[in-house]
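Structure first, then comments.
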Amino acid sequence: MVMHHHWRAGFIPVRLHLCDDVLCADSEDAFQTLKVLDLLKWLAAIGVKSVCLYDAKGVLKEGKDVVGSWLKSGNLSNGNTNDAMDEQKMHLEFVSFSDGKLAIAKAANHLTKLYLDAHTEKQKFTEPDLTDALKAIGGKPDPDLMLVYEPARCNMGFPAWRIRYTEIVHMGPLKSMKFGALIKSIYRFTSVHQNYGK
Amino acid sequence: MVEELMEQQNTDRMKLSERMGSFLRKCVYHVLRIGSIPTHIAFIMDGNRRYAKKHNLGEGAGHKAGYLALMNMLRYCYELEVKYVTIYAFSIDNFKRQPEEVESTLKLIHEKIEELIKEESIVNRFGIRIHFIGNLDLLSDPIRLSAERAMKATASNSKAVLSICIAYTSTDEILNAVQEACEEVIALDNSCNHGRKVIDVEDIEKHMYMAIAPDPDIIIRTSGETRLSNFLLWQSGSSLLYTLKALWPEIGFLNLIGVIIDYQRHFGYLEETKQKQS
């Protein structure tokens, strides 16, 4: 199919963020995790190269093992940069609320320490300085597209520094997710023209 | 004589139409107040240039039409007793546009700031306090001085707040807050021998330009675009993000009502999200 060929050629977003708040009850966790795995399979089939999974509480982070066992089937990498990466594999990242504002506070402490330890003259920090500080404490690149699988369109506290120009699309609750809606959203994304304020 | 009479009749018709419009709006507000009214609404006013192109208007005409739409939106919000309204008037990124366009947009902003300070303007009618939010040092002296005069002139107004984001991006705001928090720690470190203070989220938040308002309940963007374009990123964690297909100069009363109804539908979920993040 032509569309399938385009995704493999790299016309698709490099980084895709899924926003899902997994509920507390065990059975809901299991159900939601299965849904997330289905979603990852669809994204892998479409050819998305990198996915960031976000939930405010960090339940998905804690449930990495479940996804890990699926990793072994060879479809995904676990984000460990020491592993040899097959170009066909999808890179996976897990993010929670603590990677947002708290990370900025950590980056601020990192910058202060660098300044004080270097005993330099008073310095005016720049945006690249803060970006580098965030990278130093584990920050990753900005997602191009955010798919929100929640009752309302809300970014749920996803790290603010990373969504400056991210397209944010509401997909409805995870339990009602449809492959057709996913394809439509990604297709619409490819036709968006950004002028970045110009 | 006949012409004067016709003009008088037209004026009377317009006044009657305005009074009827106002009465109908009050009826709608009465119904809406059964549910929750947002405390803070933010607008990304996108589509002025596309509007001008769509209607074959001259340079700057889109922004002028956008200003009229803004005045209407502010009136509706304050009539509905939304206490805080924030608008994205000019981004730091917008300085990258063609110099003539930047100059004409900033000139229009300057004119409108001067109008806002006047006694009969919407600002004094609704008791609105104005804040200019952003890196104001990037603005020319005349505009910055007008902005400072507007803030001073409205400092005693207390019924509502209008935050005008100009020379603003969220990343610049966050960076500025981080800078000020770091400078506090450095000053403390230089003045005493106790252990180094650790910066936490509250230390950064108190230095944000938008610390003068609660986080927005709703962020509305026009023209069908789905991104925040570096606007209120820090504050938007539990905001309802709403995209309207209408271009900014086309936005009207019914659009606002539709957004409020959607907000009320999701109010419980949004409040829960806010609690989880606090």
Side-chain angles (χ1 to χ4, degrees), chain A residues 21 55-57 97-98 100-116 122-131 133 144-146 148 150-170 173 185 188-189 192-198, chain B residues 90-98 169-172 174-179 181-186 189-190 196-205 219 225-243 262-263 265-270 272-274 276-277:
Chain A
D21 194 3
D55 76 284
K57 286 182 198 158
F97 186 69
S98 62
K101 292 181 178 180
L102 282 171
I104 296 281
K106 280 184 199 163
N109 285 307
H110 179 84
L111 283 171
T112 311
K113 184 176 184 302
L114 283 178
Y115 166 77
L116 285 171
K122 187 174 175 185
Q123 185 181 349
K124 186 107 175 120
F125 299 130
T126 62
E127 286 187 25
D129 289 333
L130 190 48
T131 304
D144 302 299
L145 174 63
M146 180 189 290
V148 180
E150 284 292 335
R153 186 163 163 254
C154 171
N155 70 42
M156 309 275 301
F158 188 86
W161 196 260
R162 294 177 64 184
I163 53 170
R164 289 166 278 191
Y165 302 104
T166 304
E167 302 290 334
I168 303 171
V169 177
H170 185 222
S185 300
R188 274 200 185 133
F189 168 80
V192 163
H193 167 71
Q194 276 227 35
N195 55 14
Y196 300 98
K198 284 190 207 166
Chain B
F90 195 85
S91 158
I92 292 176
D93 294 329
N94 293 156
F95 280 111
K96 296 177 205 160
R97 291 182 178 177
Q98 294 295 322
T169 57
S170 206
T171 44
D172 183 72
I174 294 169
L175 181 71
N176 179 71
V178 163
Q179 177 84 40
C182 291
E183 282 172 1
E184 260 181 15
V185 169
I186 291 164
D189 199 74
N190 289 339
R196 191 176 291 170
K197 182 185 182 310
V198 175
I199 298 170
D200 59 24
V201 173
E202 285 75 29
D203 293 322
I204 295 173
E205 284 194 322
I219 300 178
E225 304 294 349
T226 59
R227 54 192 176 270
L228 289 172
S229 294
N230 219 335
F231 180 60
L232 301 185
L233 303 177
W234 182 275
Q235 297 84 356
S236 64
S238 55
S239 308
L240 175 68
L241 307 177
Y242 203 98
T243 293
D262 197 52
Y263 168 76
R265 236 167 24 104
H266 295 110
F267 179 74
Y269 166 78
L270 293 166
E272 204 184 301
T273 305
K274 207 180 279 189
K276 283 178 191 169
Q277 291 176 22

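Every chain is numbered from 1, with letters handed out A, B, ... down the list of sequences.
- At a 4.5 Å heavy-atom cutoff, the contact between A/Phe97 and chain B is made by side-chain atoms alone.
- When heavy atoms are compared at a cutoff of 4.5 Å, B/Glu205 approaches chain A solely by way of its side chain, counted from C-beta outward.
- Using modelled atom types, no side-chain atom of A/Arg164 and backbone atom of B/Asn230 make a donor-acceptor pair closer than 3.5 Å.
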* Any chance you could lay out the side chain to side chain contact (heavy atoms under 4.5 Å, CB included) test for A/Tyr115 and B/Cys182, step after step, and finish with the verdict? => CA-CA 9 Å; A/Tyr115 166 77; B/Cys182 291; over 6 Å; no
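- With a 4.5 Å cut-off on non-hydrogen atoms, A/Thr126 touches chain B through its backbone but not through its side chain.
- Contact record, B/Ser236 with A/Asn155: OG-ND2, 2.9 Å, taken as the closest heavy-atom pair.
- Both the backbone and the side chain of B/Leu241 come within contact range of chain A, judged by heavy atoms closer than 4.5 Å.
- Interface remark: of the candidates A/Val169, A/Asp129, A/Ile104, A/Leu130, A/Ile104 forms the most heavy-atom pairs closer than 4.5 Å to chain B.
- Counting heavy-atom pairs under 4.5 Å between each of B/Asp200, B/Val198, B/Leu232 and chain A puts B/Val198 at the top.
- Shown here for B/Gln277 and A/Gly157, the closest heavy-atom pair between the two residues is NE2-N, 3.5 Å.
- There is no contact between B/Phe95 and chain A, counting heavy-atom distances below 4.5 Å.
- Residue B/Thr243 touches chain A through both its backbone and its side chain, counting heavy-atom pairs closer than 4.5 Å.
- Looking at B/Asn94, both its backbone and its side chain come within 4.5 Å of chain A, counting heavy atoms on both sides.
- A pairwise comparison of heavy atoms in B/Tyr269 and A/Met156 identifies OH-SD, 3.0 Å as the closest pair.
- Interatomic distance, A/Lys124 NZ to B/Glu183 CD, rounded to the nearest 0.5 Å: 7.0 Å.
- Heavy atoms of other residues, nucleotides or ligands lying less than 6.0 angstrom from NZ of A/Lys106 number 12 at most.
- Looking at B/Arg227 and A/Val192, their side chains come closer than 4.5 Å, going by heavy atoms from C-beta outward.
- With sequence neighbours left out, the side chain to side chain donor-acceptor pair (under 3.5 Å) criterion links A/Ser185 to no other residue.
- Of the two parts of A/Lys113, the backbone and the side chain both hold a non-hydrogen atom closer than 4.5 Å to a non-hydrogen atom of chain B.
- Residue B/Ile174 comes nearest to A/Ala160 through the heavy atom pair CD1-CB, 4.3 Å, listed as atom of the first residue, atom of the second, then distance.
- A/Ala105 approaches B/Val201 most closely through the heavy-atom pair CB-N, 4.0 Å.
- Nearest heavy-atom pair, B/Leu233 versus A/Ile163, reported as atom, atom and distance to 0.1 Å: CD2-O, 3.8 Å.
- Only the side chain of A/Leu111 comes within contact range of chain B, judged by heavy atoms closer than 4.5 Å.
- To the nearest 0.5 Å, the span separating CD1 on A/Ile168 from CD on B/Glu225 amounts to 12.5 Å.
- For a residue to count as touching a neighbouring chain, one of its non-hydrogen atoms must lie under 4.5 Å from one of that chain's; by this rule B/Asp262 does not touch chain A.
- For chain A, the nearby part of B/Val185 is the side chain; its heavy atoms alone come within less than 4.5 Å.
- Under the side chain to side chain donor-acceptor pair (under 3.5 Å) criterion, A/Asn109 pairs with no residue, sequence neighbours left out.
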* Audit row: B/Thr226, A/Arg188, side chain to side chain contact (heavy atoms under 4.5 Å, CB included) steps and yes/no -> CA-CA 11 Å; B/Thr226 59; A/Arg188 274 200 185 133; over 6 Å; no
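- Contacts with chain A were tallied for B/Thr169, B/Ile186, B/Leu240, B/Leu270; B/Ile186 has the most, counting heavy-atom pairs under 4.5 Å.
- Heavy atoms closer than 4.5 Å to chain A are found in the backbone of B/Ser239, but not in its side chain.
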